[in-house]
Amino acid sequence: TGTRTFTGAVTINSGGVWDLSGQNPATSFANGITMSGTTFNNGTGAAAFSASQSLAGANNMTFGGTITPANTFTLTNSNTGTVTVSSTGSIVLTGNFTQGVNSTLALAATSPFSGAGTFNASTNANTVNYTGAAQTVKAVSYKTLGLSGSGAKTMTGVTTIGTDFNMSGSATATTVITSIGGNASITGTAVWTNGAINTLTGTLTVGTGATLTMDNFAFTVTGTSSITGTVNTATGNTGTRTFTGAVTINSGGVWDLSGQNPATSFGGGITMSGTTFNNGTGSSAFSANQSLGGANNMTFGGSVTPANSTTLTNNNTGTVTISSIVLTGNFTQGTNSSLSLSSASPFSGVGTFDANTNDVLGVVGERYVPLQNEELFSFGDNLLDGGGRWETAGSLRNGRQVFGALALDRETVLDPNGVADVVKNYLVVFTSHDGSTSVVAAVTPIRVTCSNTLNVALKTAKQSFKLRHTQSLDGRVATAREAL
C-alpha cells in the first residue's frame, strides 16, 4: 500500500539490487535513475516521473507496470543497456518520452503506448524493439526499429526508419515504410511484406527460414542483397523491383517472383548458389556492366535487357534459361556457361551477342534438361546397385562431354584351355553439356580412357541405353537395366 516516492536522484551502484517485484508497489521518481548495479526490476506497480529526468547508466532495467512522465515533462532513456517495459507494462504519454543516444527500449505489451504526449525515437541514435506477440507499433519515425517475438505487428503510419530495420523470431508485418536509411535484416521465420513504395539505402539480408514478400509496390535496394531464405511476391506487379547492389542467392535460398511477375532492375549482378531462381515473366533490366554468376540454374521468363553501352555476361556454370534477350546493350556467354533460349524469336535489338569468345559449353533449346556430372555418376552407381568399381572418368572437348567407366564383376575368358586371355567388361556412362549427344549407358569390353576408345566402345557395344536431354533420368533405372 502507498507510493514509494524518490524526490532526489536514485543511483544503483555496482553490485546493487533494486527489486520491487515481490509486492509491486507504485513508485514515483523526480530526479532520474542511474543503473550501474546487478538488478533493476521495478515490479508491476505504476511508475510515475514527476519532472523532466533520465534513465541513465549502462545496465538493464525492467518496468513491469506503467511508466508515466508527467504532463509537459520529458522522460529521457539515456541508459545504454536495455530498458524493458514488459508485457504487463506500457508507457502512458501524459508527458513525453525520448530515446537518448545509444539507448535501447524493449516493448512487450500488445499496446505499449497510450496518451497524447510525444514519443521521440528518431532524433538520437537508438533502438526500439517490439518483442511481444501481436503488437501495435506506435506511428512515429524510428532511428532503428526491431520487430521480434511472434505474431503480427500492426505498422499503420510508420513510414520512416532512419537507419536499420530488423525482424526476427516468428514476427510478421505488412509495412507502409517508404524509407529505410540503413540496412534491413529478416531472420528466424519472420515474414516482411512491403505495403508501400519502399527505398532501402543500405543492404538487405534475408536469413534462413525468413521471407521477404514484395507486394504490389516498387521496392528498391541500393546496397547488396544476401538471400538465404525466400524472396517472393504477393498480390500484384505494380512498380519495378530495383536491386542496385550485387544480389547473392546463397545455399538454400529461394528467389521466386513467378507469382506476380513484376519488372526487375539489377545493377550489380546476380550470383546463384541457392535452390531456386525464377524471376517470373516480368521484364529484367540490367543497368550496368555485370554478370550472372554461380553454379545453379536460373530462369528469366520475361525479356532480359542489358542497357545501352553495357555488357551482361553469363558466367553461371549451371543453365540460364531466358525467354528473350533485348540487345539494347550486349550479351556475352562466359566460360563454361550454358544458355537456354525459350521464345520463338529470342533476340532483338542492335547490340552484340557473343557466344564465341569464351569457352561456352553450348546454347540449347527450352526443352533441354541439364544433367550434372554428379547425376551421371549416380545413375551409373544405381544401375549396378553400387556393385561396380569406377576405373576411369574424364571430360572431352573442354568439358562439353563427360564419361565414366565402371568395372563389372563378370569377365570373358578367351581360349580357356590355352592362353586363357581374360577380358573385362565395363559399364560406360556418357553425356554432353552442349546438346550434341543423348545420355548413354553401354556395356563394353573396352576400357574407355580417351575420345578414341569412347567412340569405339559406343559403336561396338552389344547393349546400350539412350535418353534424350529433353527427358529426366528420374525413374529410368529399371528401364535402363532391362536394356542392358
Side-chain angles (χ1 to χ4, degrees), residues 224-225 227 243-251 253 255-258 263-343 345-373 395 397-402 432-436 469:
T224 60
S225 298
I227 313 301
F243 299 87
T244 306
V247 174
T248 302
I249 318 300
N250 302 304
S251 177
W255 179 284
D256 189 355
L257 308 189
S258 64
T264 51
S265 177
F266 301 93
I270 309 168
T271 299
M272 173 52 182
S273 302
T275 302
T276 300
F277 185 97
N278 187 337
N279 211 52
T281 58
S283 61
S284 302
F286 291 82
S287 59
N289 291 325
Q290 56 193 291
S291 299
L292 304 178
N296 293 355
N297 297 345
M298 306 175 71
T299 299
F300 295 87
S303 60
V304 168
T305 305
N308 185 37
S309 301
T310 70
T311 298
L312 175 60
T313 302
N314 176 20
N315 288 326
N316 184 290
T317 56
T319 298
V320 174
T321 300
I322 299 176
S323 175
S324 64
I325 300 175
V326 181
L327 293 172
T328 303
N330 312 305
F331 191 105
T332 294
Q333 282 288 90
T335 302
N336 295 330
S337 61
S338 292
L339 177 64
S340 175
L341 300 166
S342 59
S343 73
S345 300
F347 289 98
S348 62
V350 296
T352 61
F353 174 62
D354 183 351
N356 183 53
T357 301
N358 295 304
D359 194 8
V360 180
L361 290 179
V363 178
V364 296
E366 65 174 323
R367 296 179 60 206
Y368 182 86
V369 178
L371 180 73
Q372 303 300 333
N373 295 342
S395 64
R397 299 178 61 221
N398 293 322
R400 291 175 176 84
Q401 296 178 341
V402 175
S432 69
H433 297 302
D434 59 358
S436 61
H469 274 281

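On a predicted model such as this, the values are computed, not experimentally measured, just so you know. Side-chain atoms are counted along with the backbone in the values below, which use heavy atoms only and exclude waters and symmetry mates.
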Any side-chain heavy-atom pair of Ser432 and Gln401 under 4.5 Å: yes

Donor-acceptor pair, side chain of Asn297 and main chain of Thr319, under 3.5 angstrom: yes

Beyond-backbone contact of Trp255 with Ile270, side-chain heavy atoms, under 4.5 angstrom: no

Pair Asn336-His433, side-chain donor/acceptor within less than 3.5 Å: no

Spatial distance of atom OG1 (Thr332) from atom CG (Asn289) [nearest 0.5 Å]: 9.5 Å

Asp434 and Ser436: side chain donor to acceptor below 3.5 Å: yes

Rounded distance (nearest 0.5 Å) linking atom CD1 of Ile322 with atom CZ of Phe347: 8.0 Å

Interatomic spacing from CD1 in Ile227 to OG1 in Thr271 - rounded to 0.5 Å: 12.0 Å

Ser251 and Ser273 side chains, donor-acceptor separation under 3.5 Å: no

Candidates Thr310, Thr313, Thr352, Asp354 - the one meeting side chain to side chain donor-acceptor pair (under 3.5 Å) with Asn330: Thr352

Non-hydrogen side-chain atoms of Gln290 and Leu312 separated by less than 4.5 Å: yes

Pairs involving residues 282-313, ordered by first then second residue, that meet ring-ring contact (aromatic ring centres under 6.0 Å, His included) (sequence neighbours left out): Phe266-Phe286, Phe277-Phe300

